[in-house]
Amino acid sequence: MKKDEYYMDLAIVLANKGGGNVNPNPQVGALIVKEGRIIGQGYHEKYGKAHAEINAFKDCNESPEGATLYVTLEPCAHQGKQPPCFEAIIKNGIKRVVIGHLDPNPLVSGKGIKAMREAGIEVSLNVLEKECEELNKIFFYYVSQGLPYVMMKYVMTLDGKIATSAGQSKWITGEIARQKVHQDRSRFMAIMIGVETLILDDPQLSVRLENGKNPIRIICDTHLRSPLASKIVSTATEIPTIIATAESDPEKQAPFLKAGCEIILVSCLEGRLNLKELTKKLGEKGIDSIILEGGGTLNASALKAGIVQKVQTYIALKIFGGKEAPSPVEGHGIEQPNQAYLLEGAQITYLGEDILLESELL
């Protein structure tokens, strides 16, 4: 591996440490290298806190003057919650900056690079660009579209069942796969289910990991049928909880508001919540990513609405059978094979006795 790629790879490892804590900001890692030695390193640790470059400067064990800075994303060039990073790079006498990926944010893109080059700093671009893009796929989508990146996740048997004919689904996959689910919950800003899943399963939708971050919980509940005694509603003061509904009656909303839930009014489309409208409103609230963990009805509606970017399928090597056993995507379905939802870029991961298949919607 070339020297620049080697150090950028280390910066990517650092950046990943910020997953789940920096949304809707990007994950960024930075290394400062002088005479072949890493003299400082850092990453963006938490939303609103110091950026990766600043943390790397703070970590330096000697003067960074004349050193090379490796950073996974173009240094910021605007005043937000933190000052522009390119100013600190110039001030600290950095000789060369190696950037993994340009920032699509129009407030940033190209401005810091121009300022650094005008200050006499050599700037190299797009080192491990593909890997850096994968690192911040959520951020890039959110910044460019103003909408949350939505990942539809479901767990099924080899014959495509998400529960038995009696509605039982605990547990289809093993412990290793379930651990991965909680890791992803911790990295996404929100998790969404439909009211039927809430009524049938009464899930908590929390993260059972040490130092894990609970996502915002979103319930799609057209007519406010969510049980007040459910685990989600009854813990709404502890974990942020949003109920998306078409029910505008203040009296019907009152118990949920009292329980600590936030209510978002959404119009109906063909008798169900308009999911495009809902994701737009969630994006305006700063929610950059959502995991769909609902049943076949919500999954079908989400695909039809065109809000899904990625599909995550956990497959257990077991068979349930049963004509009445539910499947991951229900609804009316398509009529002709050429109408199928197409996916690409399949990645396969083995998780103990289970398989994880991840792919993106075309």
Side-chain angles (χ1 to χ4, degrees), residues 148 150 152-155 162-164 166-172 178 181-182 184-186 188-209 212-287 289-302 305 307 326 328 330-331:
V150 178
M152 186 172 80
K153 166 253 167 182
Y154 54 83
V155 179
I162 61 173
T164 68
Q168 299 301 307
S169 60
K170 293 183 179 179
W171 296 104
I172 293 176
R178 296 201 295 274
V181 169
H182 286 279
D184 286 334
R185 283 183 182 180
S186 185
F188 276 63
M189 269 192 90
I191 184 168
M192 182 187 291
I193 64 171
V195 67
E196 294 296 341
T197 298
L198 180 69
I199 292 170
L200 288 172
D201 297 342
D202 192 20
Q204 181 93 20
L205 300 186
S206 58
V207 171
R208 292 185 284 278
L209 295 175
K213 181 184 177 183
N214 288 317
I216 298 166
R217 302 173 301 186
I218 303 167
I219 311 301
C220 292
D221 184 359
T222 307
H223 304 294
L224 283 183
R225 296 188 295 123
S226 296
L228 291 170
S230 65
K231 292 174 184 174
I232 290 177
V233 176
S234 63
T235 59
T237 56
E238 302 167 25
I239 303 173
T241 301
I242 295 172
I243 297 181
T245 184
E247 180 55 72
S248 60
D249 186 343
E251 289 188 11
K252 290 185 178 180
Q253 291 182 7
F256 297 98
L257 295 171
K258 185 178 180 181
C261 299
E262 178 182 352
I263 289 180
I264 295 180
L265 277 176
V266 183
S267 65
C268 280
L269 187 65
E270 298 178 353
R272 300 189 182 280
L273 292 182
N274 185 330
L275 294 181
K276 273 193 172 181
E277 179 186 328
L278 173 58
T279 52
K280 184 175 184 296
K281 290 187 174 184
L282 293 172
E284 290 169 351
K285 289 178 65 64
I287 294 176
S289 53
I290 300 170
I291 299 180
L292 286 184
E293 285 201 21
T297 300
L298 181 61
N299 288 344
S301 296
I307 67 166
E330 298 183 344

Self-check item: Donor-acceptor under 3.5 Å (T279 side chain, L275 main chain)
Solution: yes

Quiz item: Would a distance-only check, ignoring hydrogens and angles, find a side-chain to backbone donor-acceptor pair under 3.5 Å from H182 to L209?
Solution: no

Distance check, rounded to the nearest 0.5 Å: [X] atom [atom1] versus [Y] atom [atom2]?
X: I219; Y: T197; atom1: CD1; atom2: OG1; value: 8.5 Å
X: I218; Y: I193; atom1: CD1; atom2: CD1; value: 10.5 Å
X: I243; Y: D221; atom1: CD1; atom2: CG; value: 6.0 Å
X: I191; Y: L292; atom1: CD1; atom2: CG; value: 9.0 Å
X: M152; Y: I307; atom1: CE; atom2: CD1; value: 10.0 Å
X: S301; Y: L278; atom1: OG; atom2: CG; value: 11.5 Å

Taking side chain to side chain contact (heavy atoms under 4.5 Å, CB included) as the definition, give me every residue that meets it alongside [X], ordered by chain and number, with sequence neighbours left out.
X: T222; value: A246, C268, L273
X: A163; value: S169, P326
X: S248; value: L265

Exercise. Sort out for me which residue in T245, N274, L282 forms a side chain to side chain contact (heavy atoms under 4.5 Å, CB included) with V266.
Key: N274

Kindly give the heavy-atom pair with the smallest separation between [X] and [Y], and that separation in Å.
X: P215; Y: I239; value: O-CG2, 3.6 Å
X: G295; Y: I162; value: CA-CD1, 4.5 Å
X: C220; Y: L298; value: SG-CD1, 4.2 Å
X: A236; Y: A259; value: CB-O, 3.5 Å
X: V233; Y: C261; value: CG1-SG, 4.1 Å
X: T237; Y: G260; value: CG2-CA, 4.2 Å

Go through the structure and list residues passing side-chain hydrogen bond (donor to acceptor under 3.5 Å, both in side chains) with [X], not counting sequence neighbours.
X: T235; result: R217
X: H223; result: none
X: N299; result: none
X: N214; result: none

Which pairs pass salt bridge (charged side-chain N to carboxylate O under 4.0 Å, His left out) with one or both residues in [range], sequence neighbours excluded?
range: residues 228-251; result: E247-K252
range: residues 189-207; result: E196-R225
range: residues 254-276; result: E262-K285, E270-K304

Flag the pair [X] / [Y] as yes when at least one side-chain heavy-atom distance between them is below 4.5 Å, and no otherwise.
X: V181; Y: I291; value: no
X: F188; Y: I290; value: no
X: I232; Y: P203; value: yes

Quiz item: Is the count of non-hydrogen atoms from other residues, nucleotides or ligands lying under 6.0 Å from K281 atom NZ greater than 12?
Solution: yes

Quiz item: What residues form a salt bridge (charged side-chain N to carboxylate O under 4.0 Å, His left out) with K213, not counting sequence neighbours?
Solution: none

Self-check item: From CA spacing to verdict: side-chain contact (heavy atoms from CB on, under 4.5 Å), V150, M192
Solution: CA-CA 10 Å; V150 178; M192 182 187 291; over 6 Å; no

